[in-house]
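The block underneath contains the structure these notes are about, expressed in structure tokens.
Atoms considered below: every heavy atom in the structure, side chains included; atoms not considered: hydrogens, waters and symmetry mates.
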Amino acid sequence: MELTQSSAQKRLADLHMDDMPVMEFMPAPAAVAPDWYPRYRQLRREFMKSLIDSVEDLAFLNLSQDEFMDLIMGKKMPKNLTIRLRVPLTWGGKLSLDNMFLCRTFPHSHNMDRFIIDQAGAKKIWLPNPAHKVYVPAHTATGGDGGNATEDRLAQMAAQIAAGRGME
């Protein structure tokens with residue numbers, strides 16, 4: 001199905017991601033290097049470690065302290081989170097940190113897959129392209145008047161880790 005930018009954004013709104021930016025893309029089959037997976041696994045760890053600068057967004061994912069630490073240390077992905085490629089490798093996407101973002105597996109990653117699959121056969125595809133490394137829908141990113149203790153706690157932990165890594 002061929003979509004316009006406005007119809008793509010409407011479709012995403014129907015999938016409860018009305019704040020998700022999209023980018024226009026002309027898909028063309030591309031060869032994927034045979035060694036892509038080991039390179040992806042290493043880059044995935046680097047991406048997880050790079051999330052130290054996204055503490056505010058991570059706070060809205062309600063991670064436990066252990067899950068948060070495992071994530072930013074590049075050890076283990078918490079349940080129901082996934083790293084997505086903005087442009088798939090099979091369409092010429094690169095294995096780079098700039099081509100990755102983190103989101104909930106369900107419902108967001110599943111809905112992004114549905115959104116892309118709905119466009120099968122189109123010459124022009126609209127791909128989800130969140131502004132940050134972590135996609136947190138706007139309707140879940142608002143706190144109450146009392147502040148966000150999780151964000152405060154995670155920010156303190158992130159500052160300690162950054163200081164330990166010499167990233168002050």
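Between the NE2 atom of H132 and the CG atom of L58 there is a distance of 12.0 Å, given to the nearest 0.5 Å. Separating the CG atom in L81 from the NZ atom in K76 is a distance of 12.0 Å, to the nearest 0.5 Å. The CZ atom of R104 lies 13.0 Å from the NZ atom of K79; values are rounded to the nearest 0.5 Å. Once rounded to the nearest 0.5 Å, the distance linking CD1 of I116 with CH2 of W91 reads 6.0 Å. In this structure, CG on D70 lies 8.0 Å from OG on S64, to the nearest 0.5 angstrom. With rounding to the nearest 0.5 Å, the separation of CZ in R41 from CG in L43 is 12.5 Å.
No donor-acceptor pair closer than 3.5 Å links the side chain of Q9 to the backbone N or O of D18. When atom types are taken as modelled, the side chain of Q119 and the backbone of F115 share a donor-acceptor pair closer than 3.5 angstrom. A donor-acceptor pair is defined here as one N or O able to donate and one able to accept, closer than 3.5 Å; no such pair exists between the side chain of Q42 and the backbone of R39. Proximity of a side-chain donor or acceptor of S109 to a complementary backbone N or O of F106 within less than 3.5 Å is not detected.
At a threshold of 4.0 Å, the pair R84-D113 counts as salt-bridged, since one of the basic side-chain nitrogens sits closer than that to a carboxylate oxygen. The existence of a salt bridge linking K133 and D53 is confirmed by a sub-4.0 Å separation between a basic side-chain nitrogen and an acidic carboxylate oxygen. One finds a salt bridge joining R11 and D118 here, because a Lys/Arg side-chain nitrogen approaches an Asp/Glu carboxylate oxygen to under 4.0 Å.
Of all heavy-atom pairs spanning M100 and S96, the tightest one is CG-O, 3.4 Å. A pairwise comparison of heavy atoms in M1 and A122 identifies O-CB, 3.6 Å as the closest pair. Residues A131 and P21 share a closest heavy-atom pair of N-CG, 4.3 Å. The minimum heavy-atom distance linking P27 with F25 is given by the pair CD-O, 3.3 Å. Across every non-hydrogen atom of K124 and E24, the tightest pair is CD-OE2, 2.7 Å. Summarising the geometry of L3 relative to A8, their closest heavy-atom pair is CD1-CA, 3.9 Å, with the distance given to 0.1 Å.
Under the 4.5 Å side-chain heavy-atom criterion for grouping Ile, Leu, Val, Met, Phe, Trp and Tyr, L95 is not connected to V87 through any hydrophobic cluster. By the criterion of side-chain heavy atoms lying less than 4.5 angstrom apart, applied directly or through intervening Ile, Leu, Val, Met, Phe, Trp or Tyr residues, I125 is not grouped with V32; the two fall into different hydrophobic clusters. Under a hydrophobic-cluster definition in which Ile, Leu, Val, Met, Phe, Trp and Tyr are linked whenever side-chain heavy atoms come within less than 4.5 Å, directly or via other members, V22 and V136 are assigned to different clusters. When hydrophobic clusters are built by joining Ile, Leu, Val, Met, Phe, Trp and Tyr residues whose side-chain heavy atoms come closer than 4.5 Å, directly or via intermediates, L127 is not grouped with L85.
Looking only at side-chain heavy atoms (C-beta outward), L61 and N80 stay at 4.5 Å or farther from each other. Side-chain contact between N62 and F68 is absent, with no heavy atoms from C-beta onward closer than 4.5 Å. Contact of the L102 side chain with the T82 side chain is not registered, since no non-hydrogen atoms from C-beta on lie closer than 4.5 Å. Looking only at side-chain heavy atoms (C-beta outward), R44 and M77 come within less than 4.5 Å of each other. Looking at heavy atoms from C-beta onward, M112 lies in side-chain contact with M17 at the 4.5 angstrom threshold. In this structure, F101 and R86 have side chains that are in contact, with non-hydrogen atoms separated by less than 4.5 Å.
Within 6.0 Å of NZ in K75 there are 12 or fewer heavy atoms belonging to other residues, nucleotides or ligands.
A side-chain N or O of Y135 and one of D19 form a donor-acceptor pair less than 3.5 Å apart.
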*asked:* side-chain contact (heavy atoms from CB on, under 4.5 Å), that's the test. Do L97 and E46 meet it? Break it down for me.
replied: CA-CA 8 Å; L97 296 177; E46 289 175 37; 4.2 Å; yes
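With M20 as the partner, the side chain to side chain contact (heavy atoms under 4.5 Å, CB included) test is satisfied by one option alone out of N111, N129, L12: L12.
Ring geometry, W36 versus Y40: the interplanar angle falls from 30° to 60°, so the pair is classed tilted.
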